[in-house]
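Just below is one structure, and these are the notes that go with it.
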Amino acid sequence: PAHNRTRPFGQLLALFAGISGACCAETAPAQPLTPPKAIILLYADDLGYGDLSCYGAEKIKTPAIDKLADEGLRFTDAYSSSAVCTPSRYALLTGTYPWRRKDVNILPGDAALLIDPAGPTLPKMLQANGYKTAVIGKWHLGLGNGKVDWNKPISPGPKECGFDESFIFAATADRVPCVYVQNGTVRNLDPKDPIQVSYQHNFPGLPSGKNNPELLRVKSSHGHNNAVINGIGRIGFMKGGKAALWDDQNIADDITEHAVDYIKRQAAAKQPFFLYFATNDIHVPRDPHKRYLGKSQCGIRGDAAVQMDDCVRRIMKALDETGLTEDSLVIFSSDNGPVMDDGYADRANEDANGHKPAGPLSGGKYSILEGGSRIPFIVHWPKAVRPGESTAVLCQMDLMATLGQLFPGEQEHPADSQKLLPALLGKTSQGRSEHILNSMGQNLAFRSGDWKYVPPGAPIRRGLNGLSPSDKAPATGALYNLKNDPQERNNVAEAHKDLCEQFRARLTELRQA
Ligand code: NG6
Ligand code: CA
């Protein structure tokens with residue numbers, strides 16, 4: 001049927017005997033829900049609520065993701081679990097709020113694995129239900145025991161967390177080591193040129209961004225002045241591994257080719273699979289392939305988003321070619337909100353051309369405001385999900401319990417992860433009634449219905465740069481009504497002291513739960 005965005009979505013079908021076929025009239029008998037042949041999580045980095053044309057961007061065109069939104073369900077009130085990367089990904093894979101652990105923060109590239117290999121994870125739950133699993137792209141959850149020898153097999157890592165296959169980079173593209181790790185081994189490593197990594201000191205005789213700025217193709221605006229690799233200053237020092245180094249301009253192609261190959265192999269084997277495809281875009285350093293340069297109207301940051309969209313196009317093409325699209329559950333989202341200058345002088349601000357990366361929201365990456373963790377979230381599953389929009393509040397952390405509902409019987413999941421399959425599939429707009437937002441560390445806010453409460457003293461950051469300053473929530477706390485005031489400009493705490501007290505108490509209770 002022709003899709004209609006404004007149609008009230010998802011008639012409340014008898015909850016939850018089954019899901020009606022997407023094509024059929026309401027009178028048709030409900031089909032029993034059968035799990036999809038593939039589950040693909042397309043996960044962008046630092047992509048904001050306003051960075052896609054299907055979420056209102058005008059200076060960036062993202063036709064492949066727009067197509068997913070047109071044919072699928074576009075969520076307007078979905079959250080990542082944090083406003084920075086590692087905590088967000090930790091919560092996604094473990095189903096646990098990241099702030100429950102003090103050590104879940106942005107990790108260096110030589111950090112130990114954060115996830116307990118003995119604990120439950122989203123991919124392990126899917127493995128238990130017959131899926132093969134793969135992670136391709138950014139990991140940023142630590143590897144090994146904290147003393148990784150990059151020249152030997154590295155464990156524990158993705159495999160111990162439930163991924164049968166992995167093709168990853170350890171942290172971020174601005175952190176060493178700048179190499180891919182495939183199934184626990186550095187790819188293309190020449191044993192005669194071993195890799196050494198240090199986040200403390202440089203290696204004798206090697207240049208650094210700080211001492212040798214003449215070597216830099218992209219200047220730093222803050223930090224990023226340790227190792228110089230491919231003319232880009234990085235965080236951390238690295239020696240050796242020349243043949244293994246990635247080419248920044250090819251990262252998107254490298255990971256997409258691996259994803260396409262993975263899809264084709266699983267399809268040929270008629271093997272149900274879960275692919276967690278974690279792009280480098282649009283994180284810094286933004287260095288898209290030259291074929292994308294100038295393809296947006298807002299500079300290199302927009303060009304990186306166009307490149308990311310093209311990765312999605314190629315992955316969807318592989319699904320089409322293998323006949324899997326109709327019965328694949330594809331979810332597109334981002335790990336945290338947008339940032340402009342994140343430590344490189346790449347002209348993100350100068351070339352913005354009026355583009356609003358957080359759309360109508362305030363704040364971005366690192367912020368407790370909505371722009372920090374309210375992110376694009378699109379669900380595409382032609383066989384089971386009708387096109388439309390959803391205002392259901394859900395959090396990526398819920399995917400573990402929610403996807404568990406695809407399978408018969410109770411699936412293991414932590415209590416933080418809520419079962420919201422009817423909302424995910426557009427059968428109801430009832431998602432979470434409460435959600436704890438996290439900017440980073442222990443900085444939290446509480447959402448209940450349309451209310452958002454930020455406790456006294458919590459940092460509130462409105463700017464969109466890595467170094468933007470933060471205000472502090474006043475002694476009353478801050479209370480916003482997101483419905484009337486989506487930009488969180490009007491603190492109504494004074495007028496609603498009772499509500500603030502109620503939310504403060506509830507937040508304390510949930511923190512201790
Ligand atoms: C910050 C980096 C930033 C980015 C971020 C992690 C500087 C000045 N800033 O410390 O560039 O790497 O960490 O981003 O070094 S995230 O998306 O992985 O959380
Ligand atoms: Ca990120």
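For ligands, and for the atoms within them, numbers begin at 1 and follow the listed sequence.
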Please confirm whether R187 makes a cation-pi placement over Y180, using NZ or CZ under 6.0 Å from the six-membered ring centre and within 45° of the ring normal. no
Centroid separation [X] to [Y] less than 6.0 Å:
X: H380; Y: F332; answer: no
X: F277; Y: Y43; answer: no
X: F169; Y: W246; answer: yes

With heavy-atom distances below 4.0 Å as the criterion, list the atoms of ligand 1 near [X].
X: H222; answer: 8 (C)
X: H140; answer: 18 (O)
X: D46; answer: 17 (O)
X: D45; answer: 17 (O)
X: V284; answer: 11 (O)
X: N336; answer: 17 (O)
X: I235; answer: 15 (O)

Among all protein heavy atoms, pick out the one at the shortest distance from [atom]; state its residue, atom name and that distance to 0.1 Å.
atom: atom 11 (O) of ligand 1; result: D342 O, 2.7 Å
atom: atom 7 (C) of ligand 1; result: H224 CE1, 3.6 Å
atom: atom 10 (O) of ligand 1; result: R175 NH2, 3.5 Å
atom: atom 17 (O) of ligand 1; result: K365 NZ, 3.0 Å
atom: atom 5 (C) of ligand 1; result: Y366 OH, 3.4 Å

Short N/O distance, under 3.5 Å, between [X] and ligand 1?
X: C85; answer: yes
X: T172; answer: no
X: T86; answer: no

For Y79, which of N336, V393, D398 qualifies under side chain to side chain contact (heavy atoms under 4.5 Å, CB included)? V393
Which of these passes side chain to side chain contact (heavy atoms under 4.5 Å, CB included) with H355: Q297, M340, R301?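 Result: among Q297, M340, R301, R301 is the only option passing the side chain to side chain contact (heavy atoms under 4.5 Å, CB included) with H355.
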Report the angle formed at the Ca ion (ligand 2) by atom OD1 of D46 and atom OD1 of D335, rounding to the nearest 10°.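 Vertex the Ca ion (ligand 2), arms to OD1 of D46 and OD1 of D335: 100°.
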Salt-bridge contact [X]-[Y] (side-chain N to carboxylate O under 4.0 Å):
X: K67; Y: D70; value: no
X: D341; Y: R347; value: no
X: D416; Y: R100; value: yes

Among the N, O or S atoms of D45, the one nearest the Ca ion (ligand 2):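 The D45 atom nearest to the Ca ion (ligand 2), restricting to N, O or S, is OD1.
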May I ask you to identify, for K138, whether its side chain, its backbone, both or neither come under 4.0 Å of ligand 1 on a heavy-atom basis?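 The answer is the side chain of K138.
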Within the 4.0 Å heavy-atom cut-off, what D174 brings close to ligand 1 is side chain
Classify the ring geometry between Y262 and F273 as parallel (under 30°), tilted (30 to 60°) or perpendicular (over 60°). perpendicular
Below 30° counts as parallel, above 60° as perpendicular, anything between as tilted: where do the rings of F75 and F377 land?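 Aromatic pair F75/F377 classed perpendicular.
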N/O/S atom of T172 inside 3.0 Å of the Ca ion (ligand 2), strictly under: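 False for T172.
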Under the side-chain hydrogen bond (donor to acceptor under 3.5 Å, both in side chains) rule, what do N438 and S82 come out as? Steps first, then yes or no, please. CA-CA 5 Å; N438 174 230; S82 168; 3.3 Å; yes
